[in-house]
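One structure is given below, encoded as structure tokens.
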Amino acid sequence: MNDDIEDFDVGSDWHVAAPYPFLARLRGQSPVFWSEHLQAYVLTRYADVRAAYGDPRRFSSEGSLTISRSLTAATREKLGEHGSFLSSFVANVDPPDHTRLRRSVSRAFTPRAVAAMEDTFRRLNEDLLDRIAPCGEADFVADLGHEPSIKLTARFIGVPESDEAFVQRHVKDWFQLFLSPQPPQRQLELAGSFLTYLDYVDRLVAARAKDPQDDFTSLMTSLIGEELTHREVVELISTILLGGNDTVPNQLGNTVLRLLKEDAWPVPPALVANAAEECMRIDGASLGSFRYAATDVPLHGVTIPAGALVLLSTDSAAHDESVFPDPERFWIDRPNAAEHLVFGYGIHFCVGAALGRLQLRTALDVLGRRLPRLRLVPDQPIAYRRSIVGRGLTSLRVAW
């Protein structure tokens, strides 16, 4: 299917939906691949991707999330100082700033704090199914996959329930602006939405500074002036809202589609945790991360020049046959499924990984018990959102 493809192409359907023959060819023939389309070098082998994640001195995170190079001059002008949004986010900086930021954020993600959210998330899923189950049919993406995660994240951050839809809409816009290719006029529209969203988060931080609550925003706001700056707090909140409103729900949709296609629904409770890992491996919602080469990096006969952009393809790494035998096969109890790199590796291992895993396990448990006859509506087109670094379905019709 991909035998004649010579480069990545974010604008094409295969890029997100079915890149694996192309990626396999790169792993075998060109493990350090220069992509004209991405204007970046791409690392595709598991060992190289993991080593790069673990080597911030050679593969710098500084500015790596700020995909503003794809924005027009007019859009950058409209954004002003916010064109470098995420410039101080924890995944976008190197030590020592990274060490300081991660220490602050980790206070809210202790094992006890994450475990305490399980009952809340389970209840949110049950409440949603109480409403939806009698319908007998739904769009999983629109009706089932997002709401519990959005509500859990809102409560964690401190977003009022009345603002959840507003936040979801604007988070989707800023993902499209920074992480998905858009035509010039659409960029300007999304930039306006993004500025509105930043203003909202800014006001939320100011409100918690005056009147602290029992939430993440209040905890981070209390550190302003000592460990964190105001801008760092705004960016931390914004990005955690992205994970809860977008990445985790996308992974759940990908996971349910895979399980239904493989006739593996419902998942036996004893296999839920490993099934979730195998689905993250084979259909990850995150496709990789960008880095900048901090020095000339010789690798597999290619020298990546200092300053070059590098894509660490976790999607390719998860299908590396030298680590995951028969990688295109879904193996529900694959022994090393959890060795995927969807959450990164090393100092940049995702601080919210435990919470993301908990949400996947809990959702699969509740959905499997409440909708044991869940099935795909036949003859529907399966389409993915086009993105540089994310995989998410646009819709998924299911019945039960």
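- Under 3.5 Å, the side chains of Asp263 and Trp265 contain no donor-acceptor pair of N or O atoms.
- A 4.5 Å side-chain heavy-atom check between Ile304 and Leu43 finds at least one atom pair inside the cut-off.
- Residues Leu144 and Leu129 have side chains in contact (heavy-atom distance under 4.5 Å, counting atoms from C-beta outward).
- When all heavy atoms are compared, the tightest approach of Asp215 to Gly158 is OD2-CA, 3.5 Å.
- Distance alone, capped at 3.5 Å, is enough to place a donor-acceptor pair between the Asn250 side chain and the Asp246 backbone.
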Show your reasoning for whether side chain to side chain contact (heavy atoms under 4.5 Å, CB included) applies to Asp173 and Arg186.
-> CA-CA 10 Å; Asp173 285 351; Arg186 179 62 176 154; 4.0 Å; yes
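- Residues Asp320 and Arg50 are not paired through a salt bridge, judged by the lack of any N-O separation under 4.0 Å between the basic side chain and the carboxylate.
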May I have the step-by-step check of side chain to side chain contact (heavy atoms under 4.5 Å, CB included) for Phe8 and Leu26, ending in yes or no?
-> CA-CA 11 Å; Phe8 290 83; Leu26 294 188; 3.9 Å; yes
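- Ring orientation note: the planes of Phe166 and Tyr200 are tilted relative to one another, at an angle of 30° to 60°.
- The shortest side-chain heavy-atom distance between Arg361 and Leu358 falls under the 4.5 Å cut-off.
- By the neighbour-count criterion of 12 heavy atoms within 6.0 Å, atom CG of Asp214 is sparsely surrounded, having that number or fewer from other residues, nucleotides or ligands.
- For residues 293-310, the set of pairs meeting the side chain to side chain donor-acceptor pair (under 3.5 Å) definition, not counting sequence neighbours, comprises Asp48-His300.
- Taking all atoms of both residues into account, the shortest heavy-atom contact from Pro184 to Thr75 is O-OG1, 4.3 Å.
- Side chains of Leu252 and Leu364 form a contact here, defined as non-hydrogen atoms less than 4.5 Å apart.
- Both tests do not hold together for Arg334 against Phe324: distance to the six-membered ring centre under 6.0 Å, angle to the ring axis within 45°.
- Cluster membership for Tyr197 and Leu188, using ILVMFWY side-chain heavy atoms within less than 4.5 angstrom, is not shared.
- How far CZ of Arg397 is from CG of Asp143: 7.0 Å, rounded to the nearest 0.5 Å.
- Side-chain contact check for Arg291 and Ser61: at least one donor-acceptor pair (N or O, by modelled atom type) lies under 3.5 Å.
- The side-chain contact (heavy atoms from CB on, under 4.5 Å) test with Val49 singles out one residue from Leu312, Thr44, Val42, Leu311, and that residue is Leu312.
- For Arg369, the side-chain hydrogen bond (donor to acceptor under 3.5 Å, both in side chains) partners two or more places apart in sequence, or in a different chain, are Glu126.
- Looking at heavy atoms from C-beta onward, Arg386 lies out of side-chain contact with Val16 at the 4.5 angstrom threshold.
- Looking at heavy atoms from C-beta onward, Phe343 lies in side-chain contact with Met280 at the 4.5 angstrom threshold.
- Using a cutoff of 4.0 Å between basic side-chain nitrogens and carboxylate oxygens, Arg100 and Glu227 are not scored as salt-bridged.
- The nearest pair of heavy atoms linking Glu328 to Ile282 is O-CD1, 3.8 Å.
- Side-chain contact, Ser289 with Tyr53: a donor N or O sits under 3.5 Å from an acceptor N or O.
- Residues that satisfy the side-chain hydrogen bond (donor to acceptor under 3.5 Å, both in side chains) test with Asp199, not counting sequence neighbours, are Arg203.
- Linking Ile, Leu, Val, Met, Phe, Trp and Tyr residues whenever their side-chain heavy atoms come within less than 4.5 Å leaves Ile150 and Val167 in two separate clusters.
- Two residues are said to be in side-chain contact when any heavy atoms from C-beta on lie closer than 4.5 Å; Glu232 and Ile224 fail this criterion.
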Give the C-alpha distance, both sets of side-chain angles, the deciding distance and a yes or no for side chain to side chain contact (heavy atoms under 4.5 Å, CB included) between Phe330 and Leu259.
-> CA-CA 9 Å; Phe330 174 77; Leu259 293 168; 3.7 Å; yes
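- Both Tyr20 and Leu38 sit in one connected hydrophobic cluster of ILVMFWY residues. Membership requires side-chain heavy atoms under 4.5 Å apart, directly or through other members.
- Placement of Leu371 and Val377 in two distinct hydrophobic clusters is found when ILVMFWY residues are connected by side-chain heavy-atom separations under 4.5 Å, directly or transitively.
- Remark: Trp34 pairs with Tyr41 by the ring-ring contact (aromatic ring centres under 6.0 Å, His included) rule, at least two apart or across chains.
- Taking a cutoff of 4.0 Å between a charged side-chain nitrogen and a carboxylate oxygen, Arg357 and Glu277 qualify as a salt bridge.
- More than 12 heavy atoms of other residues, nucleotides or ligands lie within 6.0 Å of CD in Glu189, so this atom counts as buried by the packing criterion.
- Listed by chain and number, the residues in a ring-ring contact (aromatic ring centres under 6.0 Å, His included) with Phe156 are Phe109, Phe216 (sequence neighbours excluded).
- Distance check: Asn125 CG to Asp130 CG gives 11.0 Å after rounding to the nearest 0.5 Å.
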Phe140 and Leu367: side chain to side chain contact (heavy atoms under 4.5 Å, CB included), yes or no, with the steps?
-> CA-CA 11 Å; Phe140 189 88; Leu367 287 164; 3.9 Å; yes
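- Taking the side-chain hydrogen bond (donor to acceptor under 3.5 Å, both in side chains) definition, one finds that Gln185 meets it with nothing, sequence neighbours left out.
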